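Throughout, residue positions are numbered sequentially from 1 according to the sequence presented. This structure is a prediction, so every number in the text was calculated from the model and none was measured.
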Amino acid sequence: MDVKAPATIPYFLQEQIRELIVNGTIRPGQPLREQELEQRFGTSRSPIREALRLLELSGLVTHIQRKGFRVTLYTETQIRHLYMLRAELEAYCIRQVAEMPDVGPLVAELGTLHEAIVAAMGRQDARGFISASRDFYLAAARYTGNAPLTSMLSKLYEQIEPLGYMLARQSLEANTIPSYTEGIIQALGSRDFDRAAGLTRKYVVEVLPEILGAYREASLDAA
């Protein structure tokens, strides 16, 4: 169903277009034609263009001179770089937690988020799964009060969200993340920070080939 945009709110349009990219309605590499978006949202070209510029800043959209905007089409090398950066930042978050005298509140919060991940998988709720997984890994950065790290991770998660969603839609029930989140919680509870950091990295390394496969398939469909 087409959505009527509130007047002069490009941030609203940004979120609406972003949702179309994340859920696969608009595929990797697909053009974002301003006229079509004007008709979809019932607004003028200026806020549409501003919304596309905002999405370009997040990395989800690319502007090609004389060709206009399109959904960013990543190479496999770029995807590997994004996910290995994620692995290192998440492991660094865990090492930062080692400096905290009391990890009890964090462990409790992670336990709640682990349950949310498992519940979303049981419901086959891909968006709920992605959201709970993101919050699980952001929790450590927030707990240490490291604002730059939290901001950097948040932006990275925003950029790779469509990639994770593609995989979640294909095989959510087969995802192994609960065994990792449970292991991370246990390791933090016993203050074994090296093991917790290792598990964060290991999960990313394990899931990366599946992410690449899901993205390759979506890119072929778009082509």
Side-chain angles (χ1 to χ4, degrees), residues 18 22 58-60 74 78-100 102-123 125-169 171-212 214-215:
R18 182 178 182 277
V22 170
S58 72
L60 293 179
Y74 295 111
Q78 288 172 325
I79 294 173
R80 290 181 188 278
H81 288 166
L82 286 169
Y83 271 81
M84 293 316 298
L85 176 60
R86 168 190 165 178
E88 294 306 317
L89 287 177
E90 288 175 351
Y92 179 71
C93 283
I94 297 297
R95 294 196 184 93
Q96 289 277 292
V97 174
E99 301 175 8
M100 307 299 290
D102 180 14
V103 298
L106 175 62
V107 169
E109 180 183 0
L110 293 179
T112 299
L113 291 167
H114 167 79
E115 291 173 2
I117 290 170
V118 173
M121 292 177 69
R123 298 191 307 268
D125 176 6
R127 290 310 301 273
F129 169 80
I130 294 294
S131 177
S133 300
R134 178 193 63 228
D135 289 344
F136 182 93
Y137 288 105
L138 275 174
R142 289 170 173 159
Y143 190 70
T144 62
N146 190 328
L149 181 57
T150 301
S151 176
M152 189 178 298
L153 263 177
S154 296
K155 290 176 181 177
L156 178 59
Y157 289 146
E158 182 178 354
Q159 189 172 359
I160 65 175
E161 185 175 6
L163 306 176
Y165 188 72
M166 287 174 193
L167 178 62
R169 285 189 305 164
S171 57
L172 188 56
E173 69 281 353
N175 197 289
T176 60
I177 194 172
S179 63
Y180 284 96
T181 53
E182 185 175 22
I184 291 166
I185 292 167
Q186 292 174 351
L188 288 175
S190 60
R191 299 190 69 85
D192 188 347
F193 300 106
D194 286 341
R195 173 168 169 72
L199 286 170
T200 63
R201 185 184 293 105
K202 186 177 179 181
Y203 172 71
V204 174
V205 171
E206 178 183 296
V207 81
L208 180 55
E210 299 174 39
I211 292 287
L212 289 168
Y215 189 76

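Nearest heavy atom pair, residue Val103 against residue Met100, reads CG1-O, 4.3 Å. The minimum heavy-atom distance linking Ile185 with Leu110 is given by the pair CD1-O, 3.5 Å. Between Gly128 and Ala120, the shortest heavy-atom contact is C-CB, 3.7 Å. Of all the heavy atoms in Arg191 and Ala98, the pair that sits closest is NH2-O, 3.4 Å.
Partners of Asp194 by salt bridge (Lys or Arg N to Asp or Glu O under 4.0 Å), not counting sequence neighbours: none found. Considering only residues two or more places apart in sequence or on other chains, Ser131 meets the side-chain contact (heavy atoms from CB on, under 4.5 Å) condition with Arg134, Asp135. Remark: Ala132 pairs with Ala116, Ile117 by the side-chain contact (heavy atoms from CB on, under 4.5 Å) rule, at least two apart or across chains. Residues passing the side-chain contact (heavy atoms from CB on, under 4.5 Å) test with Glu206 are Thr176, Tyr180, sequence neighbours excluded.
In Met84, the CE atom is crowded: over 12 heavy atoms of neighbouring residues, nucleotides or ligands sit closer than 6.0 Å. Shown here is Tyr92, whose OH atom has no more than 12 heavy atoms of other residues, nucleotides or ligands within 6.0 Å.
Distance CD/Glu182 to CD/Glu115: 10.5 Å, rounded to 0.5 Å. A distance of 10.0 Å separates OG1 of Thr181 from CD of Gln186, quoted to the nearest 0.5 Å. Note: Ile177 CD1 to His114 NE2 = 10.0 Å, rounded to the nearest 0.5 Å. Interatomic distance, Met121 CE to Ser133 OG, rounded to the nearest 0.5 Å: 8.5 Å. Put simply, CD1 on Ile94 and CG on Leu106 are 7.0 Å apart, with the number rounded to the nearest 0.5 Å. Summarising the geometry, atom CZ belonging to Phe136 is positioned 11.0 Å from atom OG1 belonging to Thr112; distances are rounded to the nearest 0.5 Å.
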Listing, residues 156-168 side-chain donor-acceptor contacts under 3.5 Å, not counting sequence neighbours, or none:
{"from": "Tyr157", "atom 1": "OH", "to": "Glu90", "atom 2": "OE2", "distance (Å)": "2.5"}
{"from": "Gln159", "atom 1": "NE2", "to": "Tyr74", "atom 2": "OH", "distance (Å)": "3.3"}
{"from": "Glu161", "atom 1": "OE1", "to": "Arg18", "atom 2": "NH1", "distance (Å)": "3.2"}
{"from": "Glu161", "atom 1": "OE1", "to": "Arg18", "atom 2": "NH2", "distance (Å)": "2.3"}
{"from": "Glu161", "atom 1": "OE2", "to": "Arg127", "atom 2": "NH2", "distance (Å)": "2.9"}

Tell me which donor-acceptor pairs under 3.5 Å the side chains of residues 195-203 have, and how far apart each pair is, sequence neighbours excluded?
{"from": "Thr200", "atom 1": "OG1", "to": "Ala197", "atom 2": "O", "distance (Å)": "2.6"}
{"from": "Arg201", "atom 1": "NE", "to": "Glu88", "atom 2": "OE2", "distance (Å)": "3.0"}
{"from": "Arg201", "atom 1": "NH2", "to": "Glu88", "atom 2": "OE1", "distance (Å)": "3.4"}
{"from": "Tyr203", "atom 1": "OH", "to": "Asn175", "atom 2": "OD1", "distance (Å)": "3.1"}
{"from": "Tyr203", "atom 1": "OH", "to": "Asn175", "atom 2": "ND2", "distance (Å)": "3.4"}

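Ser151 contributes no side-chain N or O that, together with a main-chain N or O of Ala147, makes up a donor-acceptor pair within less than 3.5 Å.
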Checking Leu153 against Tyr137 for the side-chain contact (heavy atoms from CB on, under 4.5 Å) test, could you report, in this order, the C-alpha distance in whole Å, the side-chain angles of both residues, the deciding distance, and whether it holds?
CA-CA 9 Å; Leu153 263 177; Tyr137 288 105; 5.8 Å; no
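The shortest distance between side-chain heavy atoms of Thr144 and Glu99 does not fall below 4.5 Å.
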